[in-house]
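Since the model is a prediction, treat every value here as computed from it, not as a measurement. Residue numbers start from 1 in every chain, and the chains themselves are labelled A, B, ... in the order their sequence lines are given, proteins ahead of strands.
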Protein chains: 4
Amino acid sequence: MTTAASSAFGATPEPDPTHWVLTLSCPDRPGIVHAVSGLLAEHGGNITESQQYGDPETDRFFMRVQVRTAADEAVLKDAIGDLAARFDMTWTLDVVGRPVRTLVLVSKAAHCLNDLLFRQRSEGLEIDVVGVVGNHTDLATLAAFYGKPFHHIPVTKETKPDAEAALLALVDELNVELVVLARYMQVLSDDLCRRLEGRIINIHHSFLPSFKGAKPYHQAHERGVKLIGATSHYVTADLDEGPIIEQDVERVDHSRSTEELVALGQDVERRVLARAVRWHSEHRVLLNGHRTVIFR
Amino acid sequence: MTTAASSAFGATPEPDPTHWVLTLSCPDRPGIVHAVSGLLAEHGGNITESQQYGDPETDRFFMRVQVRTAADEAVLKDAIGDLAARFDMTWTLDVVGRPVRTLVLVSKAAHCLNDLLFRQRSEGLEIDVVGVVGNHTDLATLAAFYGKPFHHIPVTKETKPDAEAALLALVDELNVELVVLARYMQVLSDDLCRRLEGRIINIHHSFLPSFKGAKPYHQAHERGVKLIGATSHYVTADLDEGPIIEQDVERVDHSRSTEELVALGQDVERRVLARAVRWHSEHRVLLNGHRTVIFR
Amino acid sequence: MTTAASSAFGATPEPDPTHWVLTLSCPDRPGIVHAVSGLLAEHGGNITESQQYGDPETDRFFMRVQVRTAADEAVLKDAIGDLAARFDMTWTLDVVGRPVRTLVLVSKAAHCLNDLLFRQRSEGLEIDVVGVVGNHTDLATLAAFYGKPFHHIPVTKETKPDAEAALLALVDELNVELVVLARYMQVLSDDLCRRLEGRIINIHHSFLPSFKGAKPYHQAHERGVKLIGATSHYVTADLDEGPIIEQDVERVDHSRSTEELVALGQDVERRVLARAVRWHSEHRVLLNGHRTVIFR
Amino acid sequence: MTTAASSAFGATPEPDPTHWVLTLSCPDRPGIVHAVSGLLAEHGGNITESQQYGDPETDRFFMRVQVRTAADEAVLKDAIGDLAARFDMTWTLDVVGRPVRTLVLVSKAAHCLNDLLFRQRSEGLEIDVVGVVGNHTDLATLAAFYGKPFHHIPVTKETKPDAEAALLALVDELNVELVVLARYMQVLSDDLCRRLEGRIINIHHSFLPSFKGAKPYHQAHERGVKLIGATSHYVTADLDEGPIIEQDVERVDHSRSTEELVALGQDVERRVLARAVRWHSEHRVLLNGHRTVIFR
């Protein structure tokens, strides 16, 4: 499909099918790096990027490797599976740069959606936005400009269970790998959070754990803070308590009204959300209990 | 005109015609503040924001005042004109929030134009983009999405004088108050720079005075810097030497290729350009020789 | 007294007795700036720096003016007193650069004390450290190096009232204008907080309101935040809730242990505390309820 | 020796002799990581930290590994030597946390020396300052407070060769591994630069390559920049052109005089220098031509 936006600005290059990204985590013990690098060497792999981290507190080991190899995918996966069994590893294998199928949920605020769509189109953000869901229709035109199907799923107290069912149906139908709450102003049910665990990212408009809950800029103004911030995190049933992926702040002063904090904060919000989505899509975020390991 | 974007996201409120912003600069001497505040008090003015700065080196005084008054515009201007004559002042008077008629010049890179148009639409950037000029047509669709007339003025070595004439004709015809070079990849003639002096803003993709001229990210990569930056400045005949309005930087490390620096830099560029345009449009930038005074 | 440190590095210039700094706050209404600038003009004053702010929410007006005048101090104060009565102003008048008599309270951590003493000696921090109080003796040598009297006032649960009485006696005896808690690990009684209200500054080792109370770096590590911070604030009876003067942050990642957060945080803590002390000593901090107005 | 400072604040823990840091660089080719991890595994090593980087432009590979092993040092070095020959590696092996024997060169400005000495004493900066050299005597007292021998080596145009000879003699005599120019206001001869190549670090008080040479803050003020910065780099015969280790900036505005820029810059300078010295001492800086790879 040729859309307004796709004809306007640059296209993303096709991913190279012989360039792989492997992530893994397991109980720490000697020999993991040697075993992994050995396996990759056996399959003709040339490592292009590699990072690891051993957490001395949890005694868990985390690793992310990018490797070029012409080896067959099934063969590679079998070999990794065997190794994983031996070391009790959790692992993923993907082609570097394969766009992650992403569903973006919005309400009325446009800045995060606009930013994600622009970056995906022009700045190599490796996601494929397979749809935009709004509980309002305000952003349908923006989605259309970028050629993205817009789904209006209104939510009221009464219809919430139905709305979430519709959302889940969409996630299944579109083979959605990642859900992004781009200033979506609805609290999800515990059940939905659990079903999407590890693949749903939210942007909270404060520097968590400061100012949890509603109206954080009002709270920030009332408290007289000198920096405002934003936090992107995985969503869990525990509101605003999910594993933090990224945070950033912006300096403000006494002269800023709550409305101005809101406006200034939009810049931080979209930056922080875009980084989280980028790192997630590049398999740079590994879960370490309720914290994250970020291999940038 | 109803356009795709205008129907999509929030509208800017109408400016209040009794809320004024006065800027002035003059040789420093005792009594200026008293005289200005006296004049405003005489006309029933209530000061809502005021900043001043006396430069001990140049002995010049700078002031920006926002004032609410129901006084007649002509009467107010006459009174200020009299005072200005007495103190040898350069001054401007405008309604707070009146959108500045702006022409944006682009080539192929979309990030700065996209950012300005989005902010103007949704984040209270007080400009009225009366047109977009491209020496290529790549960004015509983006301009159209926001309902902005796009003018294709191609430039070659031979046609440059004609192209600049066409540009100046457009500036006149559209009553353009501000020209923004949003990653416009053409060097303007000295003559054009002089004609638009003080009302043309450029974004340079380096932390000036580092890496003047072409391909700054290549230079930055070659030098192995640990921060990359961007600089917005008024354009003068002296290439990359005009008065600096704003600068910012982003941390990078050894692993970043030149291409990645370019991509990371786009975030800084649009932020730095947007701030400069915002401050200019709000009459917060005063010229002090080849430097600027910024009343934020 | 010549001490080790005083002979080692630069001396501060004597303040100019004809250069004044006036701060004031009052209910907002038209004519304040005009009245103040008029008063100063009548007394031959030349304004060298001036800032004001009207808070639209509390309808209070704040102003800080630096002015050169040869007028007699008593005459000036009388005139200001009259004006203040008319406008219901709270005000202060001081000589620019007069060192504020400061008592620093410490426990065992040296970084904040070392920083304040060094800046006071070499970097124009306008305080006169008239004494250092420690509930431990670890930092006596550091105080001695800078020629500062060290007072050991140990604190136990039983002796706390006596210790606070001794502290207050010292404040009186030394004409202390400002008390700085430079990582002083004791909670002050409500009564002491009230007696020193507006002239006692603390550094809290987190980005408030995140991680109030004890062991903020442990909390930060446990929560997995991506930035750590520090907050300087006036001390009130409400623990960690006093008016915030300054905050700053530092980026950290998953690989940092709690101990490393503590070490990295020391840099932020001393920077944030030094700024607060500097701005307070230069009369740049005005109280606006439980928030601050900072005229930098 | 017990000195004033050593009795005042915390002591550094002894390094663990079975905890090693290995750095290496070599032409990139498959199998390096596997070979290194294999060698370490054979010697009973458990990797605690590991980072690598392959530069696609220079085709060089860089690696830093921390490993715990009870293996004998000579045996380990022999094995690494063999491997290094096979892969054409440049390599270093050291005990983690072994203090690097450091000579600090100063003139009159105290802030960098004070910071290094304080951090070495209290914040785990892994250097052993074996002496301080000044071309003036101003900082002798500060060195003495920290128990560091001070050597006065004055420099005039005529005595410069002798002074440099005295300096080199001191470097030899004290087994100096690292020379730090902590705002040392003398340009070193090309010959001296070459002799100390790779083990001499300077702090330049600008954001290089902006404002090379003398009086960078004057240049910065004159140009009207909105951020000032500092750069730590290895010293080469090419003045201010050596490989950059770290840079940082601080926001300033139009109201700052050159003197204020100097004062504000001191904070950035000491921070940037301290980071460079820390990373160098922890073997986190590898040379990649005239650029650096930093494994933080």
Check your understanding: Within a radius of less than 6.0 Å around CZ of D:Arg195, do more than 12 heavy atoms belonging to other residues, nucleotides or ligands occur?
Key -> no
Exercise for review: Step by step, work out the side chain to side chain donor-acceptor pair (under 3.5 Å) result for B:Arg291 and D:His221.
Suggested key: CA-CA 9 Å; B:Arg291 291 181 293 169; D:His221 183 260; 3.2 Å; yes
Review point. Taking every heavy-atom pair that is under 4.5 Å apart, which of B:Lys212, B:Arg223, B:Glu222, B:Glu57 has the most such pairs with chain D?
Key: B:Arg223
Exercise for review: Against chain D, label B:Asp248 side chain, backbone, both or neither, depending on which of its atoms sit under 4.5 Å from a heavy atom there.
Suggested key: both
Study note, to complete from the structure: To the nearest 0.5 Å, atom OG of B:Ser255 lies from atom CZ of D:Phe295 at 9.5 Å
Review point. Which atoms form the tightest heavy-atom contact between B:Val249 and D:Leu227, and what is the distance?
Key: CG1-CD1, 4.0 Å
**Study point:** Rounded distance (nearest 0.5 Å) linking atom CG of D:Asp253 with atom CZ of B:Arg296
**Key:** 7.5 Å
Point to revise | Close contacts, residues 233-245 of chain D versus chain B, judged by heavy atoms under 4.5 Å | key: D:Asp240, D:Glu241, D:Gly242, D:Ile244, D:Ile245
Point to revise | Over all atoms of both residues, closest heavy-atom pair of B:Gln247 and D:Lys226 | key: OE1-N, 2.9 Å
Exercise for review: Heavy-atom pairs under 4.5 Å with chain B are the metric here; pick the option from D:Gly54, D:Gly224, D:Ala220 that has the most.
Suggested key: D:Gly224
Point to revise | Engaged part of B:Thr292 at the chain D interface, taking heavy atoms whose separation is under 4.5 Å | key: both
Exercise for review: Can you check whether anything in residues 196-204 of chain D gets within less than 4.5 Å of chain B, heavy-atom wise, and list it by number?
Suggested key: none
Practice item. Find the one option among D:Pro56, D:Ser210, D:Ser206 whose heavy-atom pairs under 4.5 Å with chain B are most numerous. Key: D:Ser210
Point to revise | chain D contact via B:Phe207 - which portion, at a heavy-atom distance below 4.5 Å | key: both
